[in-house]
Amino acid sequence: QVQLVESGGGLVQAGGSLRLSCAASGRTINMYTMGWFRQAPGKEREFVAAISASGSSTYYLDSVKGRFTISRDNAKNTVYLQMNSLKPEDTAVYYCAKTNWYNSRRPESYNDWGQGTQVTVSS
C-alpha cells in the first residue's frame, strides 16, 4: 500500500496561485494514474484533475481548465497541482489519490488517499 502526503495548501487572495504537492512513499506510483480531488464543507468530494502513469494524458474538471495544471515527477514519486487564478469557489480540502484504472473521475475508483491539505481563497 502506498502512503500519500499532500502539502502546499494555505490562504491566498482571489487571483493568486498555489502549488500543491503529493509525495508518495511505500511503493512507486509510476505505473498508476494519479488524481486530485477536493471537498468543500457540506459538499461531496469532487474530481479536479488526473494524470496518466507516463504523464502523457491529463484530465480536468471543466471549471479548472486553463487555470490548474497537473504534473508528475516519477523520479521523485511526486504529483503536483499548480493552481493559478484562484477563485473563492476553489476553497476546499484538496486530496491526492491513486487508482488502478487508466482514467477515472469517480472517487470510488481510487483506492489510496492522502489526508488532504486546506486551500482557502479569500475574495
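Please read these numbers as outputs of a predicted model, since none were measured by experiment.
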If you define the side chain from C-beta out and look only at heavy atoms, does anything of [X] sit under 4.5 Å from [Y]?
{"X": "Thr69", "Y": "Leu81", "result": "no"}
{"X": "Phe68", "Y": "Thr58", "result": "no"}
{"X": "Ile70", "Y": "Val79", "result": "yes"}
{"X": "Val119", "Y": "Leu20", "result": "yes"}
{"X": "Trp36", "Y": "Cys22", "result": "yes"}

(message) Working to the nearest 0.5 angstrom, can you tell me the gap between Ile51 CD1 and Ser57 OG?
(response) 9.0 Å
(message) Does Gln13, at its CD atom, have more than 12 non-hydrogen atoms belonging to other residues, nucleotides or ligands within less than 6.0 Å?
(response) no
Taking the side chain from [X] and the backbone from [Y], do they hold a donor-acceptor pair closer than 3.5 Å?
{"X": "Thr78", "Y": "Asp73", "value": "no"}
{"X": "Thr91", "Y": "Thr120", "value": "no"}
{"X": "Thr99", "Y": "Ser109", "value": "yes"}
{"X": "Asn77", "Y": "Ala24", "value": "yes"}

How close do [X] and [Y] get, counting heavy atoms only, and between which atoms?
{"X": "Leu4", "Y": "Ala97", "value": "CD1-CA, 3.8 Å"}
{"X": "Ser63", "Y": "Arg67", "value": "O-NH2, 3.0 Å"}
{"X": "Arg72", "Y": "Ile29", "value": "NH2-O, 2.7 Å"}
{"X": "Val64", "Y": "Val48", "value": "CG2-O, 3.7 Å"}
{"X": "Gly8", "Y": "Thr117", "value": "N-OG1, 4.3 Å"}
{"X": "Ala92", "Y": "Ala40", "value": "CB-N, 3.8 Å"}

According to salt bridge (Lys or Arg N to Asp or Glu O under 4.0 Å), does anything in [range] pair up with another residue at least two apart or in another chain? List the pairs.
{"range": "residues 114-123", "result": "none"}
{"range": "residues 110-123", "result": "Lys98-Asp112"}
{"range": "residues 6-28", "result": "none"}

Any chain of hydrophobic side-chain contacts (each under 4.5 Å) joining [X] to [Y]?
{"X": "Leu61", "Y": "Tyr80", "value": "no"}
{"X": "Val121", "Y": "Leu18", "value": "yes"}
{"X": "Met34", "Y": "Val2", "value": "yes"}

(message) Can you confirm whether the side chains of Ser17 and Asn84 place a donor and an acceptor under 3.5 Å from each other?
(response) yes
(message) If we check ring-ring contact (aromatic ring centres under 6.0 Å, His included) with Phe47, which of these qualifies: Tyr59, Tyr94, Tyr110, Phe37?
(response) Phe37
(message) Asp90 vs Lys87, test: salt bridge (charged side-chain N to carboxylate O under 4.0 Å, His left out). Steps then yes/no.
(response) CA-CA 5 Å; Asp90 294 319; Lys87 304 176 180 180; over 6 Å; no
(request) Run through the side-chain heavy atoms of Ile, Leu, Val, Met, Phe, Trp and Tyr, join any pair under 4.5 Å, and report what else lands in Met31's cluster. (result) Tyr32
(request) Run through the side-chain heavy atoms of Ile, Leu, Val, Met, Phe, Trp and Tyr, join any pair under 4.5 Å, and report what else lands in Trp101's cluster. (result) none
(request) Please identify each residue that fulfils salt bridge (Lys or Arg N to Asp or Glu O under 4.0 Å) with Arg105, with sequence neighbours left out. (result) none
(message) Within 45 degrees of the ring normal and closer than 6.0 Å to the centroid, is that where the cationic atom of Arg38 sits relative to Tyr95?
(response) no
